[in-house]
Amino acid sequence: NENLRSLYEVVKTQPEKGGWYYATYINNRCWAVREALKLTNNTDSNAPHGVAVKRESSLNQLRRQCESFLDTELEPSELSRIFDGKANEKDPLLNLAERVRSANLAGDIQKRREVLAEVLNSNSPEFVRDYLIQKTEGGAYFDGVTYKYGASGDVVALNAAVFLAQCQLGFECDSSQFFLINACATQFICAENSENYVRQVLERGNQSKQSFQDVQLLAKKIENAIRTKDFDKFLKP
């Protein structure tokens, strides 16, 4: 959406359709955009001219998406005021998010399997991306492997594979997609599609021990697990 404020005003009136989850999503996105723009210089003399032009265009797109919000509207207290303590009661996605967290904390494998089925049936690409992968202090889990955080870890490969898998399942992944716009604006990674974006992320600073081909194979496994609802691939014992 070119102006997220207009979408925000619509979704926050429809909590029964998951609108408050999306209001939170928009709020978090625009808060992050505002913070990123404060730290981002308008030019970088080391950037190639073509990249600099694309990056400036991306910065302007982010500004347009969020410029209608007042800073006070992006404070967490604003969402608390809207929800009035009834977020989980009225919004099925926020309710499910809380049940996912509770099931993970309890370590109840059957309950985690049940809520994961609901996550995959939510018909929300954003929600699936947020709650598909089980994250712990030790890292993020898929199919018998815990991908660790930090410079010595490889969670970037798992995140990239989830992104590619969702693209194969129909998520928007061309250059108009927010993650690609944001990467161009804030990291000078200006890609025309998801695969080019992942290649650049993996190559930049050797952030992953896995090659692009490795990540493609991992993405295919994730895609197949989602299509076949092979929940145990996502459930750390």
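- Of all heavy-atom pairs spanning Ser194 and Leu164, the tightest one is OG-CD2, 3.9 Å.
- The distance from the CG atom of Leu74 to the CD1 atom of Ile26 is 11.0 Å, given to the nearest 0.5 Å.
- Without hydrogens or angle criteria, Tyr25 side chain to Asn28 main chain gives no donor-acceptor distance under 3.5 Å.
- Shortest non-hydrogen contact noted between Ala140 and Val155 is CB-CG2, 3.8 Å.
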| field | Verdict with reasoning, Leu93 to Ser122, per side-chain contact (heavy atoms from CB on, under 4.5 Å) | value | CA-CA 8 Å; Leu93 291 181; Ser122 68; 4.1 Å; yes
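- Residues Phe127 and Tyr21 bring their aromatic ring centres within 6.0 Å.
- Counting only heavy atoms from C-beta outward, the side chains of Pro237 and Tyr141 approach each other to under 4.5 Å.
- A continuous path of hydrophobic side-chain contacts links Val145 to Leu235 [ILVMFWY only; heavy atoms under 4.5 Å].
- Partners of Ser80 by side-chain contact (heavy atoms from CB on, under 4.5 Å), not counting sequence neighbours: none found.
- Between Ile189 and Cys184 the shortest side-chain heavy-atom distance does not fall below 4.5 Å.
- Pairs passing the disulfide bond (SG atoms under 2.5 Å apart) check and including a residue from residues 62-147, sequence neighbours excluded, read Cys30-Cys66.
- Taking CG of Leu70 as the start and OG1 of Thr72 as the end, the distance is 5.0 Å to the nearest 0.5 Å.
- Using a 4.5 Å cut-off on side-chain heavy atoms (C-beta onward), Thr24 and Phe83 make contact.
- A salt bridge is defined here as a Lys NZ or Arg NE, NH1 or NH2 lying under 4.0 Å from an Asp or Glu carboxylate O, and Glu73 with Arg5 meets this definition.
- Judged as a disulfide bond (SG atoms under 2.5 Å apart), not a single pair has a partner in residues 88-129 (not counting sequence neighbours).
- The structure places CG of Leu116 at 9.0 Å from CD1 of Ile226, a figure rounded to the nearest 0.5 Å.
- Using a distance-only test at 3.5 Å, with no hydrogens or angles considered, no donor-acceptor pair links the side chain of Asp143 to the main chain of Leu218.
- With sequence neighbours excluded, the residues that form a salt bridge (Lys or Arg N to Asp or Glu O under 4.0 Å) with Lys220 are Glu223.
- Of the charged side-chain nitrogens involved, at least one lies within less than 4.0 Å of a carboxylate oxygen, so that Arg34 and Asp71 count as a salt-bridged pair.
- Smallest separation of non-hydrogen atoms from Asn196 and Cys190: OD1-O, 4.2 Å.
- Put simply, the side chain of Leu37 reaches to within 4.5 Å of the side chain of Arg63, judged on heavy atoms.
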For residues 94-106, dump all side-chain donor-acceptor pairs below 3.5 Å to protein atoms at least two apart in sequence or in another chain.
residue	atom	partner	partner atom	Å
Asn95	OD1	Arg99	NE	2.7
Asn95	ND2	Asn88	O	3.0
Glu98	OE1	Arg101	NE	3.4
Glu98	OE1	Arg101	NH2	3.2
Arg99	NH1	Glu118	OE2	2.8
Arg99	NH2	Glu118	OE1	3.0
Arg101	NH1	Tyr131	OH	3.2
Ser102	OG	Glu98	O	3.0
Asn104	ND2	Val100	O	3.4

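- A cation-pi geometry, defined here as NZ or CZ lying under 6.0 Å from the six-membered ring centre and within 45° of its normal, holds between Arg199 and Phe212.
- Applying the disulfide bond (SG atoms under 2.5 Å apart) test to every pair with at least one member in residues 109-149, sequence neighbours left out, gives no pairs at all.
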| said: Using the rule given for side-chain contact (heavy atoms from CB on, under 4.5 Å), can you reason through Phe231 versus Leu120, listing the C-alpha separation, both sets of side-chain angles and the distance that settles it, and then say yes or no? | reply: CA-CA 9 Å; Phe231 304 135; Leu120 292 177; 3.4 Å; yes
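- Atom OG1 of Thr136 and atom NZ of Lys236 lie 4.5 Å apart (nearest 0.5 Å).
- One distance of note links CD1 of Ile222 with CD of Gln168; it measures 12.0 Å at 0.5 Å rounding.
- Note that OG1 of Thr146 is 12.5 Å distant from CG of Asp154, once rounded to the nearest 0.5 Å.
- Every side-chain contact (heavy atoms from CB on, under 4.5 Å) that Ile181 has, sequence neighbours left out, goes to Ser58, Gln61, Leu62.
- For Asn193 (side chain) and Glu195 (main-chain N/O), a donor-acceptor pair under 3.5 Å exists by modelled atom type.
- Not counting sequence neighbours, the partners of Asp230 by the side-chain contact (heavy atoms from CB on, under 4.5 Å) test are Ala225, Thr228, Asp232, Lys233.
- The salt bridge (charged side-chain N to carboxylate O under 4.0 Å, His left out) pairs that include a residue from residues 122-138 number zero, where partners must be two or more places apart or lie in different chains.
- Taking the ring centroids of Phe234 and Phe142, they lie under the 6.0 Å cut-off.
- A salt bridge (charged side-chain N to carboxylate O under 4.0 Å, His left out) check over residues 10-29, counting only residues at least two apart or in different chains, returns the pairs Glu9-Lys12.
- Residues Ser57 and Asn60 bring no donor and acceptor atom of their side chains to less than 3.5 Å of each other.
- By the criterion of side-chain heavy atoms lying less than 4.5 angstrom apart, applied directly or through intervening Ile, Leu, Val, Met, Phe, Trp or Tyr residues, Phe179 is grouped together with Val162 in one hydrophobic cluster.
- Between the side chain of Asn121 and the backbone N or O of Ala117, at least one donor-acceptor pair lies under 3.5 Å.
- Using a 4.5 Å heavy-atom threshold, the side chains of Val128 and Pro125 count as separate.
- Take Phe163 and apply the ring-ring contact (aromatic ring centres under 6.0 Å, His included) test, not counting sequence neighbours, and it matches Tyr197.
- For Glu78, the side-chain contact (heavy atoms from CB on, under 4.5 Å) criterion is met by Tyr8, Arg81, Ile82, not counting sequence neighbours.
- The shortest non-hydrogen separation linking Val198 to Ala160 is CG1-CB, 3.8 Å.
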| request: Go through the steps to decide whether Arg112 and Ile109 satisfy the test side-chain contact (heavy atoms from CB on, under 4.5 Å), and finish with yes or no. | output: CA-CA 5 Å; Arg112 286 163 54 203; Ile109 193 75; 3.8 Å; yes
| message | If you apply the rule side-chain contact (heavy atoms from CB on, under 4.5 Å), what do you find for Gln65 with Val33, and how did you get there? | response | CA-CA 9 Å; Gln65 283 191 358; Val33 165; 5.7 Å; no
